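Got a structure for you, questions after.
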2 protein chains.
Amino acid sequence: MPTIRDVAKKAGVSISTASYALNNQTNVHPDTKQKILAIAKELNYYPNGSARNLKTKRTGNIGVFVYGFAGPIFSDVLEGIRQTLQANNLNIIVSSGKASSNLLKERQVDGAIVFDGQLTDEVLIHYASQGHPLFVLDRNLVGNNIYSSVIDNEGLVYRFIKEMIQKGYDDFAFLSGPTIAFNNNHRYDGFKQALQEHRLSHTYIQGDFTIQSGYQAGLLLLKQDKRPRFVFCANDESAIGLIEALKQGGVKIPEDVAVAGFDNIVLDEYITPKLTTIGIDHMEWGKRVANALMDIINDHIPKDIQEPIGKIIYRESC
Amino acid sequence: MPTIRDVAKKAGVSISTASYALNNQTNVHPDTKQKILAIAKELNYYPNGSARNLKTKRTGNIGVFVYGFAGPIFSDVLEGIRQTLQANNLNIIVSSGKASSNLLKERQVDGAIVFDGQLTDEVLIHYASQGHPLFVLDRNLVGNNIYSSVIDNEGLVYRFIKEMIQKGYDDFAFLSGPTIAFNNNHRYDGFKQALQEHRLSHTYIQGDFTIQSGYQAGLLLLKQDKRPRFVFCANDESAIGLIEALKQGGVKIPEDVAVAGFDNIVLDEYITPKLTTIGIDHMEWGKRVANALMDIINDHIPKDIQEPIGKIIYRESC
DNA sequence: TTGTAGGCGTTATCAG
DNA sequence: CTGATAACGCCTACAA
């Protein structure tokens, strides 16, 4: 493992000159510079990250922290973030679980984008309070150096349900996700608001965002003699489970029961009937967030953060 | 940002004593230790990762490098790896693109698991040659400290096609992925081998692993007056595209044309007909690989690496 | 244009 | 049991 020392020695220059050359400083003679670079390449020299980070107090890494790797939604956001960071010469580091808080506490990242409800407010606030910019997605958190980008869950669902009411539906049910989920509650709020304006009541079914829970909800409905005409599901996965169960029970969708979800996951287009849903352009969202983070890092001026773009995607299920 | 200095000063002890206490050494009096820990907590002290890494020559991070974040297959592998690493007190760092080689070159990770054909052999070999353990998945690479875990693509496809021949099929086509893909070629080898043993010929269709390319292939088949009785697709996504096109053209699956794929992605169970495929237990694979890496890191004895478990999953498409 | 030297925050060796 | 002190590898005033 060659160090800058070895490079300098072999080039017959001092360590500092080597450092200047390797860091593309102007104050070094072209000839010496070229010689140093050639030798660095020959020795396969790369600076030790830990040493550089310690000295410069920056790592060149941006942490992206997710709840788990299994979810289908994050991948596009990550890809959008990755592309933007790479264009700005920053490394993306995606992590999850205990590793996330370690990286944060030990300052192995210069900034962070958080998509993980498990990370405690305390850890996040402490990290940001040291001067590191922090972005929280789909979560409420205020503090110094903390920025957030939140999907307008409430507004989107509200608009959608209003349209469905215009279309003639008047007997709704809400298939809920876990009640501790930020998303879920806002979606429910929008749902209720729309109905309330038309003095419509609704049925509430508890689920937990999984396909399985949707399936269970479907079985539940099958047992009832009277079923809602429209089930709005807090996310697509539960909607898919619900449809699966209803279909097996001989219920026609959307003729007997109409269904819609939220998230626009890939699966939506491949089930029968294709699922109507509300979708976010995740890749674009990732890019916007990463760009906002870049702005903050580069000139410390928090530009106004644009909301992610959401839209209703009409397909066959309602 | 408090340093160990601050903790020591406030506790009225030397830096070294503080370090001992914080690192759970035995040679420090319980009372002083407790005091130091209390003050560390009070000051919200956490060691600077860069400094510690520089000194100890380890980072506690394991890099997992993927080709991109968009793919549907990796997530379970990642989750398996994550769980195992977390149980061993190591941080998982997932990265992609240029960031991956940076992290490798600058030695910001103690070991790596590589699932990214874009990372050059050169970078990988150089990294491993410095004494870092490296795992490559689904790729051929030999060298010091390099281990690999490869799916038996060839054997699995071979077994599957043999069974299909037993079942009576005798008119096959192969829908290929990109010919530079390691996976694809081995799958094709197994396919050819099985047919050859029965002196059967086959049709070859070029694709690139995407749903779109499968769809194109389907359109192509629709134009032909004579169609193969069985299309084996190099992966599930192309199979799904193929099925979509054939269905739209009025072809019945599996009655007119039988189809199968490889990977067992989530989508398979939600399309009509459900896709027969060959699947790997990805979560289990991730765990095995991570465990093998742990063994290597802990006692430097390369245990025999178990192959990932693959099996044929019969559903409706053939 | 190049070299000297100090220090980033830790850990770890060696004395006390 | 505790305390000086020397590294780890690099960057960067400042001096030459």
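Predicted, not measured: the structure shown is a model, and the values here were computed from it. Within every chain, numbering begins at 1; the chains are lettered A, B, ... in the order of the sequence lines, protein sequences first and strands thereafter.
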If you round to the nearest 0.5 Å, how far is CD1 of I36(A) from OG of S19(A)?
->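 Going from OG on S19(A) over to CD1 on I36(A), the span is 9.5 Å.
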Whether F182(B) and H186(B) hold their rings parallel, tilted or perpendicular, with breakpoints at 30° and 60° =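 Taking H186(B) first and then F182(B), their aromatic rings stand perpendicular (interplane angle over 60°).
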Outermost DNA chain C nucleotides near chain A [under 4.0 Å, heavy atoms] |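 Contacts span dT1(C) to dG9(C), reading 5' to 3'.
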Between the side chains of N61(A) and Q108(B), does any donor sit under 3.5 Å from an acceptor?
->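 Yes, side-chain donor-acceptor contact under 3.5 Å.
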Degree of bending in the helix from dT1(C)-dA16(D) to dG16(C)-dC1(D) once both end axes are built from five pairs, to 10° =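 Its terminal axes enclose an angle near 40°.
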In sequence, state the C-alpha distance, the side-chain angles, and the governing distance for K98(B) and N91(A), and then conclude on side-chain hydrogen bond (donor to acceptor under 3.5 Å, both in side chains).
-> CA-CA 7 Å; K98(B) 213 165 23 164; N91(A) 299 327; over 6 Å; no
For DNA chain D, whose closest nucleotide is more 5', that of L54(A) or that of Q25(A)?
->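 So the residue in question is L54(A).
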So which one's nearest nucleotide on DNA chain D is more toward 5', A18(B) or A51(B)?
->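 Residue closer to the 5' terminus by nearest nucleotide: A18(B).
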Bounds of contact between DNA chain D and chain A, in 5' to 3' order, using a heavy-atom cut-off under 4.0 Å =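 Contacts span dG9(D) to dC14(D), reading 5' to 3'.
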For H126(B) and E122(B), test the side chains for any donor-to-acceptor distance below 3.5 angstrom and give the result as yes or no.
->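 There is no such pair (donor and acceptor under 3.5 Å, judged by atom type) between the side chains of H126(B) and E122(B).
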To the nearest 0.5 angstrom, please state how far the OG1 atom of T84(A) sits from the CE atom of M283(A).
->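 Taking OG1 in T84(A) and CE in M283(A), the distance rounds to 10.0 Å.
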Parallel under 30°, tilted from 30 to 60°, perpendicular over 60°: which one fits the rings of F115(B) and F74(B)?
->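 Aromatic pair F115(B)/F74(B) classed perpendicular.
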Are N298(A) and N88(A) close enough that some pair of their side-chain heavy atoms sits under 4.5 Å apart?
->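 Result yes, sub-4.5 Å side-chain heavy-atom pair found.
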